[in-house]
Structure formats: C-alpha cells, structure tokens
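Sequence lines set the chain letters: A, B, ... in the order given, protein chains first and strands last, and positions in each chain run from 1.
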2 protein chains.
Amino acid sequence: MSDVGRMAGVSAQTVSRFFTGTGYVGEETRLRIQHAIDALGYRPNRIARNLHVSRTDTIGVLTVGDFNYGSAQTLTGMSAGAQDADVALITTHLEQGEMPRPRQVQVAIERMISMRVDGIIISARIEGLEGILVETVRDDVPVVVIAGRPDTSVDSIVADSFTAGSLVMQHLLELGHRSIVYLAGPVDSDESRERERAYHRAMSRAGIPALPIVAGGDWTSIAGYNAGLQVEFSSFTAVFAGNDELALGFMAAARERGHSIPDDFSIAGVDDMPEARFFAPALTTARLDFSALGRGAFDMIRRRVDTGEPQDRILVAPQLVVRRSTAALSTR
Amino acid sequence: MSDVGRMAGVSAQTVSRFFTGTGYVGEETRLRIQHAIDALGYRPNRIARNLHVSRTDTIGVLTVGDFNYGSAQTLTGMSAGAQDADVALITTHLEQGEMPRPRQVQVAIERMISMRVDGIIISARIEGLEGILVETVRDDVPVVVIAGRPDTSVDSIVADSFTAGSLVMQHLLELGHRSIVYLAGPVDSDESRERERAYHRAMSRAGIPALPIVAGGDWTSIAGYNAGLQVEFSSFTAVFAGNDELALGFMAAARERGHSIPDDFSIAGVDDMPEARFFAPALTTARLDFSALGRGAFDMIRRRVDTGEPQDRILVAPQLVVRRSTAALSTR
DNA sequence: TAATCAAGGCCGACATCAGTT
DNA sequence: AAACTGATGTCGGCCTTGATT
C-alpha cells in the first residue's frame with residue numbers, strides 16, 4: 001500500500017482512504033492512485049483489514065454426510081445469498097464416519113471462529129450439538145441451525161417435514177388406502193422422524209392401526225431398494241417413502257419382484273427432486289424448496305449478525321405434487 | 001494472547017511459542033499456559049497469524065451452475081481432502097445466469113486472492129478463463145482447473161470423457177447397433193464435446209455415417225425429456241446419452257410415446273449416478289468417479305502449493321457398467 | 001470553514017535475537 | 001552448552017489526531 005502511495009506521490013493513509021471511501025480524497029489524487037494501483041497490480045490484503053475491522057464478511061458453513069439432492073440444493077441457496085451479499089462462504093464438510101463426530105464438529109467450529117467468521121450455519125442434525133454450542137461457541141459468534149427439531153436456544157430454519165408428511169398421508173388416505181406403510185430414512189434424522197410423526201398422527205386420526213415402520217437406514221435409493229427386497233408386499237396397499245430416493249429404490253425392488261405401480265400399490269415420496277417426475281411411474285411427492293431453505297438460512301444468519309437479535313424459527317412449506325405413482329385403491 | 005500470558009505469569013511471546021511449537025517452553029510453564037487458556041476461553045486469531053505467515057491453509061474453490069450429481073460429488077471429494085489436510089475451503093458458487101460471467105469470475109478470484117488463499121480450484125469450464133487467469137491471477141496464486149480441455153498453461157484434472165464415450169460406443173456397436181444417436185449436453189461443455197468426439201470417432205471407425213446430434217441443451221433430465229419428445233424414434237436403434245440424467249428424461253419421454261427399452265432401442269449414459277441402477281430399466285452407463293476427481297484436484301493444488309512445480313494433467317478413468325437398458329440389436 | 005492529506009498508534013500474532021538460569 | 005524466556009520489530013491495513021491549503 002505504501003508502494004502505491006509512493007508511486008502516486010501520496011501517503012499510504014490516503015490510499016487507504018481511497019479504498020474505504022472514508023474521508024476525502026481529491027479528484028486528481030484519486031486518479032493518480034488508481035493509476036498506480038493498476039500499474040503495480042496492487043491488491044488490498046483482506047487479512048490485514050480484518051485484523052482491524054470487526055466484520056469479516058465471511059460465514060462458516062458446516063455440513064455433514066454425502067451431498068444428496070436436498071443438501072446440495074441447500075448449499076446452492078446459501079451460495080446464492082452469499083453471492084448477492086458479497087460474502088465469502090467457508091465450508092467444512094464432515095463425513096458421516098464412525099469417528100467421534102462431536103469432536104470433529106468442535107474442531108471445525110473452533111477453526112471457523114479462529115478465522116473470525118461473522119456467523120456459522122450448521123446444515124445438519126448433530127448429536128449433542130447444544131452442548132458443543134454452549135461449550136465451544138459460547139456466544140462468540142451467532143449460529144443458525146438447519147435442523148428438524150426446534151433447538152430451543154438457537155436460531156433455526158427447516159423444511160416443514162411434518163406438514164410434508166401430512167400432505168402425503170392425507171392424499172393416500174383420500175385415495176382410499178388404509179394399509180399404509182412408512183419407509184423411514186436414517187433413524188437419527190429429525191426430518192425422517194417428523195415425517196414418521198405425521199404418518200402416525202394421520203393414521204390414528206383416521207382410526208387405522210399403524211403398520212410397522214420399514215427401516216431404510218439412510219436416505220439413499222439403495223436403502224430403499226434393500227427395504228423393498230425384504231418387505232412383505234401383501235401387507236400394504238400404499239407406501240409413504242421418507243424421500244424420493246428411497247421411493248425410487250423401493251419401486252425398483254418391487255418391479256423386480258413382479259409388482260406393478262400403481263396397480264398393486266401406490267407410493268409417494270418427499271422432496272420432489274427433478275428426477276422424480278421421470279421415474280417409472282412418475283412419483284407423487286411433497287415438494288420441498290431446499291434452495292429457499294439455504295437462502296433463508298443465509299439471510300437469517302445475516303440478520304442475526306446485523307441486528308444481534310434472535311430470529312424467529314422459519315418453516316419452509318411443502319407442496320403436494322400428485323403424479324402417476326399413486327392411484328385410488330381398487331376395490332378388489 | 002497477552003492476557004493469557006499475564007494470567008500464566010509469562011510473556012505473550014511464550015504463549016505464541018506454546019501454540020506454534022517453535023522453540024522451548026518449559027513443562028510447568030506449558031501447564032500454566034494451558035490452564036490460563038482454558039480459564040480465559042482464549043482462541044488464537046488466525047487472521048493475525050496469517051498476516052505474518054505466508055501460508056494460510058486455505059484453498060479457494062470456484063464452481064459454476066447448479067449442483068448436479070457430478071459437481072456435488074466433486075465437491076465432496078475436495079472437502080474430504082481438505083478435511084484430511086486440515087485446510088479450509090472458501091467456496092464461491094456462481095449461477096449460470098446471463099450476467100457477464102467473466103466479470104463475476106474475475107471478482108470472485110480477486111477476492112480469493114485478497115483473502116490470501118494458498119491456491120484456487122476452478123471447478124467448471126469458463127469462457128475466456130485463460131485470459132482472466134493471465135490478467136487477474138498473474139501467477140499470484142497457483143490454480144488448478146477441473147475442465148475438459150487441456151488448458152495449456154494451467155494444471156488441470158478431468159474425468160476422461162472421451163474414453164467414457166468410447167466405452168459406451170464400443171458396447172453399443174458390439175451389440176450390433178449401427179444407427180446410434182448422441183444425446184448431447186450443453187453445447188459449451190467440454191465434457192459433452194469430448195463425448196461427442198468419441199461418438200464420431202467410433203462411428204467413423206466402424207464405417208457408419210454419424211446421425212445428427214440430438215441437442216439436450218443442459219445436463220438435466222428435463223432436457224433429456226424434451227429431446228425425447230421431439231426425436232424421430234424410427235431413425236435409430238440406440239442412444240448414447242451425454243449423462244445419466246439426460247438418459248432418464250429421454251427414457252421417460254420414450255415411454256410416454258409408447259416405446260419400450262431395450263426392446264425398441266437401447267440407451268446408455270455416462271456418470272453412473274447412484275440412481276442409475278434403479279431406473280426402469282436399469283441404465284447401462286460409464287461410471288465416473290467424481291469423488292476421486294475432487295480429491296485429485298485438491299491433492300494437485302496442494303502439491304503445487306508445496307512444490308511450486310507444474311503438475312501433470314490427470315485423467316480420471318471411467319468404467320463401463322452394463323445393465324438392462326442396452327441389449328443386442330434384434331434381427332427383425 | 002471545508003477539503004485534503006500525513007503521522008503515529010494499534011489490531012494480534014510471530015521471528016529474531018538477546019538474555020537468563 | 002542447553003534449556004528456557006522476554007523485548008523488539010514487523011506483517012498490511014485502519015483509525016484518530018492534527019496540520020496544511
């Protein structure tokens with residue numbers, strides 16, 4: 001910076017003013033400085049700046065597990081927000097290994113704080129997160145959590161899985177189905193549990209005994225496929241799948257075993273990933289706008305950073321999309 | 001830091017040594033310092049550190065366009081590398097809008113350099129990238145590009161689309177197909193063009209006139225679907241789809257129009273996304289290991305940062321996965 | 001008085017070198 | 001000599017104060 005100043009015949013302080021816009025810089029001086037910057041190929045050092053300034057225009061993002069449609073879209077949404085706000089995202093991605101995850105999370109957060117991020121978005125359900133937050137974050141930095149369960153003390157945003165499940169269940173019930181089974185996602189997923197809760201409530205409200213939950217284990221199509229290989233097809237007429245991928249795998253297994261959809265049973269998922277409408281048959285599903293979710297999370301952390309005030313929990317509303325995989329129960 | 005020193009009864013300098021591991025710190029002093037750190041909840045400020053140290057342990061990642069299976073997996077791979085190497089990723093995601101993209105890219109790179117990243121990974125084909133690199137990066141920071149065309153002057157890594165295409169074409173030809181059509185991805189995509197090149201070479205080597213390219217427009221299943229609505233089905237017996245998603249959409253359109261696969265025609269894609277094996281029918285495809293691609297890109301930029309030497313271009317090898325969507329040409 | 005610019009201190013760490021047991 | 005520790009200067013900006021036109 002002093003080089004630039006020297007070349008432009010002014011002090012380094014004036015060059016600083018040139019960049020920050022603080023104080024006055026003469027028109028002619030401004031030109032000379034700009035000229036010197038170009039000539040020298042000078043680039044301001046954000047690090048030095050951030051040492052002084054409290055805000056770094058940087059948000060930390062923590063994600064866990066493989067990117068599926070939902071999490072990738074969520075990240076896209078956050079990135080869009082960051083782009084618009086001219087903020088940099090520092091992303092840390094943790095695998096879902098057997099390693100002591102809480103420790104990893106702690107280390108990751110610790111480093112983000114070390115880098116003086118303005119805020120942190122945690123885009124995953126993490127076991128014992130509250131404890132980590134209390135112990136590690138200690139209000140040093142605002143945190144927004146994208147997670148199913150309303151964590152009491154933290155700002156949070158989430159796709160409304162319960163309503164999504166309710167929409168699907170209502171649809172299946174209206175079609176006349178009574179033997180409905182829930183194909184679950186990961187057991188430790190709030191989203192899956194919320195959808196399951198919707199399942200149970202819908203069943204009990206309809207006065208139908210709930211069927212045993214079919215466990216997928218994770219959100220992948222493979223899990224759905226494996227579930228479909230083991231399940232007893234005579235026990236149900238409709239499947240509520242925790243997400244579209246599970247539904248896809250399940251349908252493939254059903255096909256292999258000689259069952260046709262929706263003639264033999266109906267099936268519906270959650271998410272409405274772009275591929276869902278091209279499944280065979282096209283999948284009925286509850287659409288979730290993950291891009292808006294990510295965007296919302298980013299906006300939320302920003303507001304929190306700006307105002308310092310706690311933010312109201314946000315639920316991203318689902319929308320039922322009816323396609324060919326669900327049909328009225330045939331009276332056979 | 002000086003607070004910690006004061007509390008532990010030592011100078012700030014000794015505390016610094018405590019963290020960096022440089023020089024000697026007495027056993028007992030070490031304990032006192034650790035104690036003070038815990039008591040004060042002190043966290044070292046990486047920003048201040050980076051002001052001094054040349055390496056920031058930070059890599060910038062630039063991505064463009066929506067996350068599909070490939071790009072999401074690539075990001076996962078890079079993140080895994082970063083996690084292992086204890087490096088932070090600063091990600092910037094640009095939408096594929098009509099905005100003057102080169103300008104956006106330039107701004108994004110400029111900011112990364114301002115943040116003093118150790119290196120930059122550009123995970124996309126970008127129009128006029130070489131110019132931007134020359135003009136903006138100016139050797140200030142190493143760059144690795146994930147892109148289809150061997151950019152002469154830059155380190156690069158890419159999935160071997162040409163071989164992938166060749167594998168698929170060889171498979172289709174061996175099945176007896178001669179009327180094969182290529183369902184293209186984005187016109188400005190090197191990957192799609194490489195696959196198309198493989199198509200043309202395979203056809204000419206087999207002494208068969210190439211059929212007109214069917215344009216998808218982008219990589220999405222919707223593009224494949226639209227193409228499938230317009231195409232003349234009597235003109236081919238096999239389809240080489242630029243990727244799995246295009247194939248999915250195309251199959252859905254074919255189904256709608258009363259064609260069955262692989263009886264009426266065969267189809268194969270590229271990628272082997274996890275869903276591909278559950279398509280109806282299961283999709284033959286050339287598997288690409290995007291996770292390894294991302295991992296390789298990260299390792300490459302690290303080596304470049306460490307050694308300063310140009311890295312050899314890496315091609316990630318594909319692998320043919322034969323499933324039910326392709327069958328021998330029936331002699332009708 | 002208003003516009004413009006310079007000097008010096010400081011942010012929080014680290015390197016160097018000198019000093020102490 | 002070896003193990004340890006402290007003082008000083010520096011990284012590259014920004015802020016405050018004060019001087020100059």
- Message: Please determine whether the number of non-hydrogen atoms from other residues, nucleotides or ligands lying under 6.0 Å from atom CG of A:D38 exceeds 12.
- Response: yes
- Message: Strictly under 4.0 angstrom, non-hydrogen atoms only: write out the protein contact profile of nucleotides 11-21 of chain C, one letter per nucleotide from the 5' end, B, S or -.
- Response: BBBBBB-----
- Task: Give, for atom CD1 of B:I126 and atom CG of B:D188, the distance between the pair rounded to the nearest 0.5 Å.
- Result: 11.0 Å
- Query: Quick one: A:R6 CZ to C:dC5 C1', roughly how many Å, whole number?
  - Reply: 17 Å
- Message: If the cut-off is 4.0 Å, is A:S11 near the phosphate of C:dC5, judged by side-chain N/O to OP1 or OP2?
- Response: no
- Looking at CG of B:L293 and CD1 of B:I146, how far apart are the two atoms once the value is rounded to the nearest 0.5 Å? 4.5 Å
- Any side-chain heavy atom of B:D118 within less than 4.5 Å of one from B:I59? yes
- Answer yes or no: is there a side-chain heavy-atom contact under 4.5 Å between B:T14 and B:V25? yes
- Query: Tell me: OH of B:Y24 to C1' of D:dA1, nearest whole Å?
  - Reply: 10 Å
- Parallel, tilted or perpendicular, as decided by the 30° and 60° cut-offs, for the rings of A:Y42 and A:F19: tilted
- Message: Do B:S114 and A:R43 pair up side chain to side chain, a donor and an acceptor below 3.5 Å, judged on atom types alone?
- Response: no
- Item | Rounded distance [0.5 Å steps], OG1 in A:T136 versus CD1 in A:I113 | 7.0 Å
- Among residues 27-38 of chain B, which contact DNA chain D at a heavy-atom distance under 4.0 Å? B:T29
